J.: 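Have a look at this one.
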Amino acid sequence: MMTWTQEHPMTIVGLVLWAVGILWLMPGRRASKPRPHKIGVLIVALGLVTFCLSCGKTQSELADDVMFWVFAIGALMSGVLMITARNPVYAALWFALATLSTCGLFLLQHAPFLAAATIIVYAGAVIVTFLFVIMLAQQSGAAGYDQRSSQSLLATISAFVLLGAISLTLQSEKIDIVRPVVVAADSSADSAPIAGNMSLTFNLSPEPPVIVPVMPGNVMSKAKGKTPVGNLKGLGKSLFGDYLFAVELAGTLLLVASIGAIAIAPRREQGAI
Amino acid sequence: MTEELQQIVLWLIPAAPLLAAIITALLGPKLLRYKSHLPCWSALAVSFVCSLILLLKILPSVEQAATPVKGEVAIAQSAAGPQVMASGFEWFSVGSLHADIELRADSITAIMLTMVTGVSLLVAVFGSGYMSHDPGYPRFFAAVSLFVFSMCMLVLSGSFILLFVFWEAVGLCSYLLIGFWFQKPSAAAAAKKAFVVNRIGDFGLIMGIFLIWTTTFQIPGSDVLFRPFQSLNFVDVLGNTELIKVVALQNPGRIPLICFCLFLGAMGKSAQFPLQVWLPDAMEGPTPVSALIHAATMVTAGVYLVARCTPLFVMAPYAQMAVSGIGAATAAIAALTALTQTDLKRVLAYSTVSQLGFMFMALGCGAAGAELVTPAVTAGMFHLFTHAFFKALLFLAAGSVMHAMGDVIDMRRFSGLKHALPITHWTFLVGAAALAGVPLLAGFWSKDDILAVLKEASHSQEHGLYFGVIRAIAIGTAFLTAFYTFRAYFMTFWGPERYPEEAGHHPHEATPIMAWPLRTLAVCAAGIGLIVGPTHLFGDYLQKTMGLTPELEHHLHWSVMFMSSVIALAGIGFAWMFYVASPAIPASIARAMRPLYLISQGKFFLDEIFTGMIVLPLRGIAILATLVDKYLIDGIVDTVGKVPKSLSIIPRQLHGGVVSSYAGVMWVGVVAAVVLVLTMF
Amino acid sequence: MTPDEQRFLLVGAGLFVLGAIGFLTRRNLILMVLSAELMLHGVSLTLVTFGNMHQTNEGQAFTIFTLTVAACEAGLALSLVLSLYRKSHSLDIQLWSELRESDMSGPDFDSSAERGKLSSYDDIPTLTPAGIAPKDPPRTTPSTGPTATRV
């Protein structure tokens, strides 16, 4: 434990600042006047920057770096402001911003289709519906229960314990992956026993690395198709080739859910079940 | 008659009423309704005819077939007397005990069966008129059929186990029929009382049966122990007199103990002192039931049991003396109580108790000498036989009076009914005369037999004084019997004509359906004693039962007959003088002997004594137990219950019902699990 | 694992944790649902990053399924929230605590004040019902809340 704090002081400091900022911004257990908002935002922003800096130096280009910073800070900051907002309409808007930022991160991860789909689904449909419901239900303005929170200390501390554990684990040197080796389609499996397979190796010194084989099928198909990741064509092949059945299931799920929503939502005299 | 046919006839006797009971119970309330008597009537008629066939045809033919055969089988046969067996199926088998459902009929069975089914048939006919407007009509006939089935099985059973089963079954039917009008609290209480008092007797009976079963016998000269009576069959237990004798020699206390236990059972069922308290209360049931069950048939089961077990009782003279003594006490107490009762049915009920006492008096006379055993049992059974007819007749006639008087049975509220109810009057008179012992009528012959046996017993050397006292009691009781019977008769039928307002303007005489059973029974009560008594038809037939030795010479006891005639007529005369000639006398006597009068009217305060001696202490114990249960036991249990409750104060805070806190608990758990897994790397 | 990938995973984890905090602390039913959506965003980002790390399409395909399920969840959650709102005229989650131990006191909300305040707003302008007007006029009954009936 102590070695962690010595090895990653920035991570710890960032997390603590972040948590303090959230607690600062969070409405109290009892209805009370909000604390100065800007101080809280400052603390959180400080914590976030410190946290993200702790990742170390990257080899990516400057443009990518800048984009990441903008989107990451934007997503996390929007998230913080969303969960601490005293007005649910603002919360929904902050959520929209968080979604947009996440979509930017999707773009950086070579997932343009996913980014577009998420924006359409969330910003176009979900957020609008939520806003409708909020406005219809809370025409009176700020409600008492939005000015108060429950178990905020417990939730924040436990959540940041988890986040700290995850980030320290991610930053530790022990974890690494064996990159997939893309081999030619005609090469036989005998000549390269591990080639064509992808394995995740945990360096648990002093034991030899444990090699966990990962499903080879898709790697092979990708190797045959030679389609780069994030390509819409490749995604479509994967969805409607390997996961056709799952896609059908998901469609059925949507149908069932919409029927359910129609059945539940109306008033009794309008035919609710 | 072939053996198969014999078995069918034998099985038909109980099967027909059982079938009728099932049919009536299933179809009665919905389908048959006020035709519910039809299955019962036909079944009882079938049973009666089969009983007659058994009595007159099957048993004599079996006897003839058995007599000429020589050899060991014949000896065994003759030891058990002529008998017919009808095999059934095995009921259960535990260790060495095998309980089979099978019927066994011998002479005493045949007599009992004929009497039971005959009287039942007449009572059922009467009952369909008497109960004609009762909403429980089907229930009545279902219960009566069930009773006849149980009673037939009781006398037909060939082993003590089956006897006990149907002993309980008749008790159940009695309970059902006493409580027939269960809406009446008094009827429900009477039914419960009868059931509980009978339990005491039944306890004795089953203890006796256990004792019979566990009786061991060691073969002389070897150390082999075996249980001679473990089959519990009548033939095995009672059939071998020699075996009983050696067993009694080896275990001197065992046979008397068995006899006392069995007699306790008989006391409960036959309402002997001090267990007689249930019978007068049983008159809460419908009158036909009183006539059938509580006068003619079921209450004689005790007499039947003692008579059946004569071979055992012979080995236990003191048990026999107890039988006689209890019988005498019962007879006297019941007769004295009957003197002052004003309820017509209660008078008859006490007279039933008294007459049952007479039967037991006779049964116990065997103690005075071995040669007296057979006449004693014969006299007791003969009185049982004749009593069934005239007591059923008296009860039915009382029922007819009740029917006419709008269910009023208090003799002080009506009088002079002899013109209004001529048939009832004449039949009641016949029954009363038979009960009182007027010469040539049924009761005269049987009571005469009993007095004769008692006279012989009082001349014996060993227990002469004891039986002398009993004989004196018997004579006194006979006088009282004549007196109270005719007191009831005169109070009801003579004097000025008075009707209670419940009867309406004009009391109606019994309908034909009620009148014909009365007439038939009257004829029987008048003639049956003369036909089978002095001609020794009854005695000769009965004495073929195992354990009895046929009497070779018959003689009529002229002196006894003369004396009992005088007693009976004197009793009637006194009754006439007291209640017809000068009605002021009873009141003045009552005033002069007020304590005695009160004792008699209060039924010797037996109910109150029992209440004080048994019920109140038990109630006190019950209250004590309630307190212990409520405060001690419940306190302990509650304390145990409070421990987890107090332990749960802290964890209960988690169950606040708020979704967020549940989610928080889950979240903390997930975080702990994930952090644990991550720290392992 | 390069720091380049690490930081995306860290942002994903951060979003997930923020969503969890929101779900646990907020008392508004709709905000709870929104927080759950934020958690799903974090998961989606992580999945996409993993897919990129391993140079496969599985991550993205799986994210699409996540998206589908999230859409279903949002629709059902909204209809449930609506029916709950119709009963209590409030979006407060703490009003629904009937499952608590019978002898425990309810949560500390000033229910009467909040409920009264909510149901007393009758004169707020509302959305005009669209489409053909139904023949049987009474769409609103006095017993149900004024705001809910106009949805």
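Because the structure is predicted, anything quoted here is derived from the model rather than measured. Below, all heavy atoms of this structure are taken into account, side chains as well, without hydrogens, waters or symmetry copies. Below, read A as the first sequence line, B as the second, and so on, with proteins coming before strands; counting in each chain starts at 1.
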J.: If you take all heavy atoms of A:Thr84 and C:Arg26, which pair is closest and at what distance?
T.: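 That closest heavy-atom pairing would be C-NH1, 3.6 Å.
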
J.: Among C:Ser44, C:Ala71, C:Gly75, which residue forms the greatest number of heavy-atom pairs with chain A at distances under 4.5 Å?
T.: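 If we count pairs closer than 4.5 Å to chain A, C:Ser44 comes out on top.
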
J.: Please report the shortest heavy-atom distance between A:Ile264 and C:Ser79, naming the atom on each side.
T.: CG2-O, 3.9 Å

J.: For C:Phe62, does the CZ atom have more than 12 heavy-atom neighbours from other residues, nucleotides or ligands under 6.0 Å away?
T.: no

J.: To the closest 0.5 Å, what do you measure between OG1 (C:Thr49) and CG (A:Leu105)?
T.: 8.0 Å

J.: Below 4.5 Å, heavy atoms only, C-beta onward: do A:Phe130 and C:Val33 meet side chain to side chain?
T.: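 Yes, close enough: below the 4.5 Å cut-off.
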
J.: Report which part of A:Val256 has an atom under 4.5 Å of a heavy atom belonging to chain C: side chain, backbone, both, or neither.
T.: neither

J.: Which heavy atom in A:Phe106 sits nearest to a heavy atom in C:Leu45, and how many Å separate them?
T.: CE2-CA, 3.6 Å

J.: Heavy-atom pairs under 4.5 Å with chain A: which of C:Leu24, C:Val17, C:Val11, C:Leu34 has the most?
T.: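 Looking at each option in turn, the highest pair count goes to C:Leu34.
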
J.: Mind listing the closest non-hydrogen atom pair of C:Val48 and A:Ala111 along with its distance?
T.: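 Looking at all heavy atoms of both residues, the closest pair is CG1-CB, 4.0 Å.
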
J.: Among C:Leu91, C:Leu95, C:Leu29, C:Ile93, which residue meets the side chain to side chain contact (heavy atoms under 4.5 Å, CB included) test with A:Tyr145?
T.: C:Leu91

J.: Taking A:Phe68, A:Phe95, A:Phe71 one by one, which has the highest count of heavy-atom pairs under 4.5 Å against chain C?
T.: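 Option with the top pair count is A:Phe68.
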
J.: Measure distances from C:Glu73 to the heavy atoms of chain A and classify the residue's part below 4.5 Å as side chain, backbone, both or neither.
T.: neither

J.: Do A:Ile83 and C:Thr25 have side chains that get closer than 4.5 Å, going by heavy atoms?
T.: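 They are not in side-chain contact.
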
J.: Under 3.5 Å, is there a donor-acceptor pair between the side chain of C:Gln60 and the main chain of A:His110?
T.: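 Looks like yes, one N/O pair under 3.5 Å.
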
J.: Can you tell which of A:Ser149, A:Ser150, A:Ala261 has the highest number of heavy-atom pairs within less than 4.5 Å of chain C?
T.: A:Ser150

J.: Any chance you could lay out the side-chain contact (heavy atoms from CB on, under 4.5 Å) test for C:Leu18 and A:Ile22, step after step, and finish with the verdict?
T.: CA-CA 9 Å; C:Leu18 284 176; A:Ile22 286 178; 3.4 Å; yes

J.: Does C:Ile64 reach the side chain of A:Phe113, with side-chain heavy atoms less than 4.5 Å apart?
T.: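 When only atoms from C-beta onward are counted, A:Phe113 and C:Ile64 do touch, with a gap below 4.5 Å.
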
J.: Check whether any side-chain heavy atom of C:Glu37 sits under 4.5 Å from a side-chain heavy atom of A:Thr99, and report yes or no.
T.: no

J.: In Å and rounded to the nearest 0.5 Å, what is the CG to CD1 distance from A:Leu162 to C:Ile21?
T.: 10.0 Å

J.: With side-chain contact (heavy atoms from CB on, under 4.5 Å) as the criterion, how do A:Tyr122 and C:Leu67 come out once you've worked through the C-alpha distance, each side chain's angles and the decisive distance to 0.1 Å?
T.: CA-CA 9 Å; A:Tyr122 274 93; C:Leu67 207 64; 3.5 Å; yes

J.: State whether C:Arg7 and A:Asp65 are salt-bridged, where the test is any N-O pair (Lys NZ or Arg NE/NH1/NH2 against Asp/Glu carboxylate O) under 4.0 Å.
T.: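 Here C:Arg7 pairs with A:Asp65 in a salt bridge, since their nearest N and O are under 4.0 Å apart.
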
J.: If I compare all heavy atoms of C:Leu76 with all of A:Gly260, which pair ends up nearest, and what's the gap?
T.: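 Looking at all heavy atoms of both residues, the closest pair is CD2-C, 3.9 Å.
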
J.: What's the shortest heavy-atom distance between A:Leu235 and C:Ala61, and which atoms?
T.: CD1-N, 3.6 Å

J.: Heavy-atom cut-off 4.5 Å, strictly under: side chain, backbone, both or neither for C:Ser35 against chain A?
T.: both

J.: Select one option (side chain, backbone, both, neither) describing which atoms of C:Phe8 are under 4.5 Å from chain A's heavy atoms.
T.: both

J.: Output the option from A:Leu249, A:Val247, A:Leu154 having the highest count of non-hydrogen pairs under 4.5 Å with chain C.
T.: A:Val247

J.: Nearest 0.5 Å, please: how far is CG in A:Leu76 from CG in C:Leu10?
T.: 9.5 Å

J.: Are the side chains of A:Leu239 and C:Phe65 in contact, using a 4.5 Å heavy-atom criterion?
T.: yes

J.: Nearest 0.5 Å, what's the CG-OG1 distance between A:Leu114 and C:Thr66?
T.: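 A:Leu114 CG to C:Thr66 OG1: 8.5 Å, rounded to 0.5 Å.
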
J.: Check each atom of C:Ile30 against the heavy atoms of chain A and say whether the ones under 4.5 Å are side chain, backbone, both or neither.
T.: both

J.: Can you tell me which portion of C:Ala20 sits under 4.5 Å from chain A's heavy atoms? Options are side chain, backbone, both or neither.
T.: neither

J.: Counting only non-hydrogen atoms closer than 4.5 Å, does A:Val121 touch chain C with its backbone (N, CA, C, O), its side chain (CB onward), both, or neither?
T.: side chain

J.: How many angstroms lie between CG in C:Leu15 and CE in A:Met82, if you round to the nearest 0.5 Å?
T.: 10.5 Å

